[in-house]
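To keep things clear, I will list the structure first and then write my remarks on it.
Convention: sequence-line order gives letters A, B, ...; per-chain numbering from 1.
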Amino acid sequence: MIKDKFLMTSDIRVRFAPSNTGHLHIGGARTALFNWFFAKHHAGTAILRIEDTDRQRSTEEYYDAILEAFEWLGLEWDEGPYRQSNRMDLYQEAAEKLLSSGAAFRCTCTPEEVNAMRERARAKGKTPKYDGTCRDRYEKEPNVPFCLRLRAADTGETIVDDILAGEVVFENSQLDDMVIVRTDGMPTYNFCVAVDDIDMRISHVIRGNDHLSNTPKQVLVYQALQEATPKFAHISMILGSDKKRLSKRHGADSVLEYKERGFLPEALINYLVRLGWSHGDQEIFSKDEIIANFALENLNRSAAIFNPEKLLWLNQEYIKSADGGFLVDSLDAGLRKQGLPPDVLSRKTREGIVDELRTRSSTLVDMIEGARFFFEDDIELDEKAASKFLTSESSELMLKLRNELNKIDAFSSENVKSAFHRVMDEEAVKLGKLAQPVRVAITGGTISPGIFETLSLLGRDRSLYRLDAALGRVNQ
RNA sequence: GGCCCCUUCGUCUAGCGGUCAGGACACCGGCCUCUCACGCCGGUAACAGGGGUUCGAGUCCCCUAGGGGUCACCA
């Protein structure tokens, strides 16, 4: 969308904050999309922040892959990517502030001891949580390692005001004295999130529903830091066909994998956004249309099941109306990947090929597969089709057609059609009798675009060569 | 298990007290047709259950059931 230069940037600031412990998967992408469209709709600022405080599992490969995925999707972030690992000073400063104000305390309990506490509480039928052993043990022994915990209230309640869920009340008795800085000095997720969101002046936190239960913990950090909370919107999640959380088991769920499988970014975006969001009966939206109409209020609160068939349908819709040049480029790249040179046929011809294939391909991969035979020197015949259609009976017809094709002037689909009709009239056969054997001879199989167009696109030389090869086979 | 969220066709959804409960994907017919598609026409299919509130409830409230999430020195 062209930015209206008269439109002032609003105070709306949102962030998408994935961890680089895995690929950007479609669930995360949808969350990112909601954030991004919300920001654009309000002429606000969309920020990308990588949460890489997990030293064990974060990798640079995933970091790069996440950026690559966004690049492919065509989502540009107004700020970032910020990385939490570069912002340690900020967290340390906040932690010290909390320590000196008494909101946080040093805890020398070992993980084993804390686990034991939780077990004891569980055995008594109570909420398993840290028991507060170190809360008031202010004199600490030197050389004993410690972590920092945030002192949680034992009574009362913490209310999360959510745009979608309304006021959600959590009993403070459920809350733990959570660790905000680990023994190794690394700050923890729930702490960094709040500190960063404050520092980045985030106005709306839009994230998955799985974070709702975490929110009161973060609210506690805001309160301890004496900062106002942002507005929250916890969106529904995407589930697999088994109604379980999306995972590797459901197949390809990384965004980049959809690229590999021949999906167009516009189609993926359209599909993902429509999961939970709608605008009347409209199914197909350009980015600009989504920007114009997106509103958090229209978001569905219930989980959505990922439906690959509908994505496929949408993808084909996008392929049907895609720019021809783009499709040719995609075709060329796909062919080269398989070691087939695209330029055995002219670019104009390839444009004709993708035009024939666009109504027959639900993915770019399908399209390339459907175009293979145009570019192979020697096609592979499907045995079943060959034995059914390449018979001595059909070979006579094909031979006649071959001679007619050899005579025609320009090898246009119209002229090819005339050639067919001359043979059909002469032999008093219907088109089907002639077309299927020719199709098998030309394409190797029984499925292809219209036979006149196919021959015309393939060109006279290659067409006759293949016809001859098929004829030779029958006569053997 | 505690706490939290959710519940309209198989799936995505429209609906925001009065509709024959609409659209889309998928599926099933039909038309078109040289195959496969595309396109066009038509069809099957839903308010989880039970209580209220109301003249009237898919729409509001409660309960039950089911599904999901979360309870870490992971994010």
Side-chain angles (χ1 to χ4, degrees), chain A residues 17-22 51-54 56-58 84 107 109-111 114-115 118 122 125-130 145-149 160 162 164-165 168-171 173-176 178-184 186-190 192-193 208-217 234 236-237 239 241 243-245 271 274-284 300-314 316 320 356-362 370 385 389 417 420 424 430-440 443 445-452 454:
Chain A
S19 67
N20 56 333
T21 56
E51 316 230 317
D52 56 357
T53 54
D54 183 342
Q56 260 66 262
R57 298 187 300 152
S58 298
Q84 289 187 325
C107 173
C109 298
T110 64
V114 176
N115 278 340
R118 294 208 167 92
R122 200 190 304 272
K126 292 168 49 176
T127 305
K129 55 194 268 193
Y130 175 74
F146 61 89
C147 68
L148 249 41
R149 287 180 184 274
V160 174
D162 191 274
L164 293 173
V168 185
V169 180
F170 295 87
E171 295 293 328
S173 58
Q174 298 285 325
L175 268 28
D176 214 342
M178 68 164 175
V179 172
I180 58 172
V181 179
R182 298 179 178 93
T183 306
D184 68 1
M186 281 297 273
T188 60
Y189 167 75
N190 282 115
C192 295
V193 167
N209 208 255
D210 50 336
H211 288 276
L212 183 53
S213 303
N214 278 328
T215 307
K217 298 178 188 175
H234 286 92
S236 65
M237 305 184 56
L239 271 27
S241 50
K243 295 199 171 180
K244 289 276 190 296
R245 193 183 189 137
Y271 178 74
R274 270 287 283 103
L275 239 38
W277 177 80
S278 61
H279 182 66
D281 285 340
Q282 193 170 344
E283 294 288 348
I284 297 178
N300 209 318
R301 284 154 36 155
S302 54
I305 293 172
F306 184 77
N307 182 208
E309 281 81 28
K310 189 156 184 179
L311 205 210
L312 240 20
W313 168 76
L314 249 185
Q316 173 155 21
K320 280 195 292 194
E356 288 297 329
L357 256 19
R358 66 204 309 158
T359 54
R360 289 169 239 261
S361 315
S362 43
F389 292 105
K417 184 179 180 182
F420 266 77
M424 286 157 57
K430 296 211 164 156
L431 179 55
K433 272 283 184 201
L434 184 53
Q436 272 312 74
V438 173
R439 192 185 317 277
V440 173
T443 73
T446 55
I447 297 169
S448 84
I451 194 65
F452 313 136
T454 301

Between [N] atom [atom2] and [X] atom [atom1], what is the distance in whole Å?
X        : N     : atom1 : atom2 : result
A/Asn300 : B/C5  : CG    : P     : 16 Å
A/Asn307 : B/G23 : CG    : C1'   : 15 Å
A/Leu431 : B/C32 : CG    : P     : 16 Å
A/Arg57  : B/C73 : CZ    : P     : 14 Å
A/Glu309 : B/C25 : CD    : P     : 13 Å
A/Phe170 : B/G2  : CZ    : C1'   : 13 Å
A/Gln56  : B/C73 : CD    : P     : 14 Å

Can you tell me if [X] touches the phosphate of [N], counting only side-chain N or O atoms and a distance under 4.0 Å to OP1 or OP2?
X        : N     : result
A/Arg118 : B/A72 : yes
A/Asn20  : B/A75 : no
A/Ser236 : B/C5  : no

Got a sec, which residues hit side chain to side chain donor-acceptor pair (under 3.5 Å) with [X], two or more places apart in sequence or on another chain?
X        : result
A/Glu51  : A/Arg49, A/Gln84
A/Gln174 : none
A/Glu171 : none
A/Ser278 : none

Looking only at the side chains, is there a donor atom on one of A/Asn300 and A/Ser302 sitting less than 3.5 Å from an acceptor on the other?
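Side-chain D/A pair, A/Asn300 to A/Ser302: present.
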Donor-acceptor side-chain pairing of A/Asn307 and A/Glu309 below 3.5 angstrom:
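Side-chain D/A pair, A/Asn307 to A/Glu309: present.
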Using the [atom1] atom as the point on both nucleotides, what is the distance between [M] and [N], in whole Å?
N     : M     : atom1 : value
B/U8  : B/G23 : C1'   : 13 Å
B/A45 : B/C28 : C1'   : 11 Å
B/A21 : B/A48 : P     : 15 Å
B/C6  : B/G58 : C1'   : 16 Å
B/C9  : B/G2  : C1'   : 36 Å
B/U59 : B/G51 : P     : 14 Å

For A/Thr443, answer base if it contacts any base atom (sugar-phosphate contacts may also be present), sugar-phosphate if it contacts only those atoms, and nothing otherwise; contact means non-hydrogen atoms under 4.0 Å.
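Result for A/Thr443 = nothing.
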Please name all residues satisfying ring-ring contact (aromatic ring centres under 6.0 Å, His included) with A/Tyr130, sequence neighbours left out, ordered by chain then number.
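In terms of ring-ring contact (aromatic ring centres under 6.0 Å, His included), with neighbours along the sequence ignored, A/Tyr130 is linked to no residue.
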Any residue meeting ring-ring contact (aromatic ring centres under 6.0 Å, His included) with A/Phe452, in chain and number order, not counting sequence neighbours
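Only A/Phe420 meet the ring-ring contact (aromatic ring centres under 6.0 Å, His included) criterion with A/Phe452.
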Under 4.0 Å protein heavy-atom contacts per nucleotide of nucleotides 57-69 of chain B, with B for base, S for backbone only and - for none:
-----------SB
Which nucleotides of nucleotides 36-44 of chain B have their base under 4.0 Å from a protein heavy atom (B), which only their sugar-phosphate (S), and which neither (-), written as one string 5' to 3'?
BBSS-----
Side-chain-base donor-acceptor pair under 3.5 Å for A/Asn214 and B/A75
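Check passes, donor-acceptor contact within cut-off.
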Should the side chain of A/Glu283 and the base of B/G23 be counted as holding a donor-acceptor pair, with the cut-off at 3.5 Å?
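Yes.
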Which nucleotide, B/C12, B/A14, B/C34, lies nearest any side-chain atom of A/Arg439?
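Nearest to the side chain of A/Arg439 among the choices is B/C34.
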Under the rule for salt bridge (charged side-chain N to carboxylate O under 4.0 Å, His left out), what residues qualify as partners of A/Arg439, not counting sequence neighbours?
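Applying salt bridge (charged side-chain N to carboxylate O under 4.0 Å, His left out) to A/Arg439 gives none.
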